[in-house]
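Nothing fancy with the numbering, it's 1 onward along the sequence.
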Amino acid sequence: MENNVNLSEVGGSGRDGRVLKEDILHYLSRQTGAIIPPSSPSPPLSPPPSPSSTPSSPQSSSPPPPPVVQRFTEDRSVVIKGVQKVMSRTMSASLLVPHFGYSDEVDLSRLVSLRRRLQTHAETRGVKLSYMPFFLKALSLALYEFPILNAHLDDRCESLTYKASHDIGVAMDTPGGLVVPVLRGIERLPLLAIAAELSRLQSRGRAGALGAAELSGGTFTLSNVGSIGGTYTHPVILTPEVAIGALGKIQVLPRFNERGEVVAAHIMKVSWSADHRVLDGATVSRFSNLWKSLLEEPASMILHLA
């Protein structure tokens, strides 16, 4: 009643479908999702543009409206309620998890070239192909090799459930606030299907039409600070998940190639947060290295596809 939750929209995990407290908390966390929006930043294509040019975002058709600036001439107290209240509770619970972070950078130069070639084919099928479907597919392939990152830990830390399906939550901004809809069965979907489903969820999010089934049951979360302009961050895990990833903006930066020459490379930073009760640094590092290698040599993903 405090949070105006319609129990008919909440999937119950108790006996005979009974809705438990953790079902309510998980539903609320998926509605608020204190994470950065997922719109994948569109880096400039080679050759790189002049410093004054600004890459457009392939995930959004128009730039977000400027924030409303409020000027206060005296102190003002307001009651925390609604989405903000739920977010504060959710994040307080999440921060009880012992987080540790791991960050790296990824050279997306080959992916930029591949996406440019595939865009025309995608458009003929009515699909807008951004970078996020590639990030999600590489994530799913890496989770096959490291299934412990696609697990749920129970509240008492007595049971770890390895999830068979790769149901990836992708944080996005909506008029009603930040939400984390879930793309289900990523491991079974080709890139175009992932792109189409991502577009569908974004449209429903903008319309405020996302339902409980679309906001719950994620096994891993991927976010993106790059849509706002950040490079590194420290994302907060959404329990009962045990890890989360956050993507920075894609920048054209100088790097050395294999011949020792300075070249313009499309570089993206990635930040992972993991539950240290379940995961250690070596495991997350190996997982990240695999995900990174798939994106730096995107053609290699073909070898892993069924």
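- By the side chain to side chain donor-acceptor pair (under 3.5 Å) test, S203 is found to be paired with R206, residues two or more places apart in sequence or in another chain being considered.
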Report, one line per pair, each donor and acceptor closer than 3.5 Å where one atom sits in a side chain of residues 255-264; sequence neighbours left out.
| unit_1 | atom_1 | unit_2 | atom_2 | d |
| --- | --- | --- | --- | --- |
| R255 | NE | E105 | OE2 | 3.1 |
| R255 | NH2 | E105 | OE1 | 3.0 |
| R255 | NH2 | E105 | OE2 | 3.4 |
| N257 | OD1 | R259 | N | 2.9 |
| N257 | OD1 | G260 | N | 3.1 |
| N257 | OD1 | E261 | N | 2.8 |
| N257 | ND2 | E261 | OE1 | 2.9 |
| R259 | NE | E261 | OE1 | 3.3 |
| R259 | NH2 | E261 | OE1 | 3.2 |

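- To the nearest 0.5 Å, atom CG of residue L295 and atom NZ of residue K137 are 13.0 Å apart.
- The side-chain tip of R115 points at the ring of Y131 from less than 6.0 angstrom away and within 45° of straight on.
- For S159, the side chain to side chain donor-acceptor pair (under 3.5 Å) criterion is met by no residue, not counting sequence neighbours.
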Atom pairs and distances, donor-acceptor, side-chain atoms in residues 270-280, under 3.5 Å, two or more places apart:
| unit_1 | atom_1 | unit_2 | atom_2 | d |
| --- | --- | --- | --- | --- |
| S271 | OG | S103 | OG | 3.4 |
| S271 | OG | T233 | N | 3.3 |
| S271 | OG | T233 | O | 3.2 |
| W272 | NE1 | S288 | OG | 2.9 |
| S273 | OG | P235 | O | 2.6 |
| D275 | OD1 | R277 | N | 3.0 |
| D275 | OD1 | R277 | NE | 3.0 |
| D275 | OD2 | R277 | NE | 3.3 |
| D275 | OD2 | R277 | NH2 | 2.8 |
| H276 | ND1 | L279 | O | 3.1 |
| D280 | OD1 | A282 | N | 3.2 |
| D280 | OD1 | T283 | N | 2.8 |
| D280 | OD1 | T283 | OG1 | 2.9 |

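- Listed by first then second residue, pairs satisfying salt bridge (charged side-chain N to carboxylate O under 4.0 Å, His left out) with a partner in residues 223-232 number zero, not counting sequence neighbours.
- Residues that satisfy the ring-ring contact (aromatic ring centres under 6.0 Å, His included) test with Y144, not counting sequence neighbours, are H166.
- Looking at residues two or more places apart in sequence or on another chain, you find a salt bridge (Lys or Arg N to Asp or Glu O under 4.0 Å) between D104 and K292.
- Under the salt bridge (Lys or Arg N to Asp or Glu O under 4.0 Å) criterion, E145 pairs with no residue, sequence neighbours left out.
- Residues satisfying the side-chain contact (heavy atoms from CB on, under 4.5 Å) criterion with A142, sequence neighbours excluded, are F287, L290, W291.
- With sequence neighbours left out, the side-chain contact (heavy atoms from CB on, under 4.5 Å) criterion links E197 to L183, R200, L201.
- For the side-chain contact (heavy atoms from CB on, under 4.5 Å) test, residues two or more places apart in sequence or in another chain that qualify with L192 are A122, R125, V127.
- Sorted by first and then second residue, the pairs that involve residues 220-247 and meet salt bridge (charged side-chain N to carboxylate O under 4.0 Å, His left out), not counting sequence neighbours, are R30-E241.
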